[in-house]
Protein chains: 2
Amino acid sequence: MEGLTALAPAKGRPREFDIDVALAAALRVFWQRGYEGASLSDLTSEMGITRPSLYAAFGNKEMLFRKAFDLYEREKMAYMKTALDAPTARGVAERLLRSAVDIHCGTDDPRGCLGVISSLACGQEAESIRAEVIARRVSAEAALIARFERALAEGDFPTGVEPGALAHYLIAILQGMAVQAGVGASRVQLEQLVETSLIVWPGR
Amino acid sequence: MEGLTALAPAKGRPREFDIDVALAAALRVFWQRGYEGASLSDLTSEMGITRPSLYAAFGNKEMLFRKAFDLYEREKMAYMKTALDAPTARGVAERLLRSAVDIHCGTDDPRGCLGVISSLACGQEAESIRAEVIARRVSAEAALIARFERALAEGDFPTGVEPGALAHYLIAILQGMAVQAGVGASRVQLEQLVETSLIVWPGR
DNA sequence: GACCTTCCATACCGATCGGTATATAGTAGA
DNA sequence: TCTACTATATACCGATCGGTATGGAAGGTC
């Protein structure tokens with residue numbers, strides 16, 4: 001619906017702000033403060049629009065978050081998909097770890113992972129948000145597990161570990177890295193974490 | 001100061017609630033909802049006391065959180081210290097991982113880790129809380145690093161990894177486990193994570 | 001120009017936030 | 001019994017929360 005705005009005949013007064021720029025600004029606010037920590041005043045001032053404009057363009061705070069999270073997955077989590085194309089299971093892990101460092105240490109973006117921040121408990125107002133973020137992560141995890149199962153079938157997998165177990169282990173490291181980034185770890189520290197994880201990674 | 005209450009002559013009207021029981025209840029609320037997610041109404045109703053009683057006994061919300069966090073470290077994080085007494089570096093890691101599972105899967109307690117929940121971003125009201133929780137964790141991390149450095153000096157440490165790097169790697173796994181517990185992972189899943197981490201752990 | 005639609009700005013809504021003033025109830029010592 | 005002191009209960013405070021009603025202002029079509 002919103003994506004068609006540019007093509008629409010535009011009957012009334014055109015909006016004075018770029019909806020994509022505003023959404024990107026909203027994403028930064030959510031990313032930095034979490035869903036409940038981001039107040040409408042924070043959002044509007046950072047997006048450079050007024051409250052009614054926000055509601056006209058995005059519905060309400062929850063819809064705005066969902067669209068911001070879509071953008072986040074589309075732009076920041078895209079590396080997840082491409083990482084799965086690596087030729088080996090170890091390569092997949094390495095790409096995931098290194099890309100995660102880049103995400104967490106982006107120059108303009110907040111530290112940490114929006115998914116992790118949003119899925120941990122705050123008030124009960126955000127319970128539905130929490131549920132959806134968790135559900136989305138489950139589907140992402142499933143893709144990684146499937147990739148590791150394929151590796152096992154192709155003979156490209158360490159012995160003594162199940163694909164699902166190693167996938168969840170890798171995800172735990174990624175989530176731990178997100179926590180450390182969120183509390184202020186430097187890029188060097190995160191890179192050291194990646195190196196250690198790769199040294200320890202089973203099989204060759 | 002509060003610890004002396006029982007010995008004090010008790011001049012005025014005695015309080016009608018057990019301050020330790022109330023603090024334990026407050027801890028559960030913070031643990032479940034985070035600092036900002038725990039409203040005074042949540043706290044008082046769960047503690048079974050009124051608002052003025054809370055302020056008279058604990059100061060304010062922030063002081064209450066600090067005392068609850070003290071209790072948390074004293075009762076729930078005590079395993080950290082005892083884990084460091086394990087004879088080998090690997091034993092330290094194993095104890096830490098297994099104890100963490102117990103913490104996250106306690107029957108009566110909320111899931112996840114109060115430290116992780118409280119150190120991730122929410123509104124700016126909690127910024128000082130965040131800072132203190134992070135600072136406390138740094139000191140805990142330092143103890144683990146020192147233990148691994150001792151292991152290195154004793155010849156009980158895998159080659160090819162630095163003590164500090166392996167410590168931070170282990171902490172990342174523990175934090176990742178806390179995240180997974182917080183979003184609803186089962187005990188079996190967490191135990192699988194422990195097993196995988198131990199399989200992968202370097203050296204023997 | 002008239003007209004219609006949409007956007008922007010201000011000011012406001014009820015609810016809830018953390019925190020407190022006030023008055024009453026209860027206990028110890030005089 | 002009176003006084004000193006403290007806990008409890010109720011009701012309230014200003015500030016902020018997410019969300020909206022209202023009144024113009026700015027474009028498009030005719």
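Note on naming: letters A, B, ... go to the chains in the order of the sequence lines (proteins, then strands), and numbering restarts at 1 for each one.
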| field | Distance-minimising heavy-atom pair for A86(B) and R147(B) | value |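 Between these two residues, the closest heavy atoms are O-NH2, 2.8 Å.
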| task | With the side chain of S41(B) defined as its heavy atoms from C-beta on, choose the nearest nucleotide among dG18(D), dC17(C), dG18(C). | result | dC17(C)
Round to the nearest Å and state the distance from [X] atom [atom1] to [N] atom [atom2].
X	N	atom1	atom2	result
M63(A)	dG18(D)	CE	P	16 Å
I19(B)	dA7(D)	CD1	P	9 Å
E36(A)	dG18(D)	CD	P	9 Å
F65(B)	dG19(C)	CZ	P	14 Å
I129(B)	dG18(C)	CD1	P	12 Å
K61(B)	dT16(C)	NZ	P	16 Å
F30(B)	dG18(C)	CZ	P	9 Å
L40(A)	dT20(D)	CG	P	10 Å

Please list, pair by pair, any protein nitrogen or oxygen found under 3.5 Å from a nitrogen or oxygen in nucleotides 9-11 of chain C.
none

Partner residues of [X] under the side-chain contact (heavy atoms from CB on, under 4.5 Å) criterion, sequence neighbours left out:
X	value
A131(A)	none
A100(A)	Y79(A), H104(A), L174(A), M177(A)
P158(A)	L166(A), P202(A)

| message | Taking atom types as they are modelled, would you say the side chain of R13(B) forms a donor-acceptor pair with the base of dA25(C) within the 3.5 Å cutoff? | response |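 Between dA25(C) and R13(B), which were checked side chain against base, a qualifying N/O pair under 3.5 Å is present.
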| said: With rounding to the nearest 0.5 angstrom, report the CG to CG distance, L27(B) to D70(B). | reply: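 Output value for this atom pair is 10.5 Å.
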| With sequence neighbours excluded, residues passing ring pair (Phe, Tyr, Trp, His ring centres under 6.0 Å) with F148(B) |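 Once residues adjacent in sequence are excluded, the partners of F148(B) under the ring pair (Phe, Tyr, Trp, His ring centres under 6.0 Å) criterion are F157(B).
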| Phosphate OP1/OP2 of dA28(C) contacted by K11(B) side-chain N/O (<4.0 Å) | no
| field | By salt bridge (charged side-chain N to carboxylate O under 4.0 Å, His left out) - contacts of E94(A) (at least two apart) | value |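 Per chain and number, E94(A) pairs via salt bridge (charged side-chain N to carboxylate O under 4.0 Å, His left out) with R98(A).
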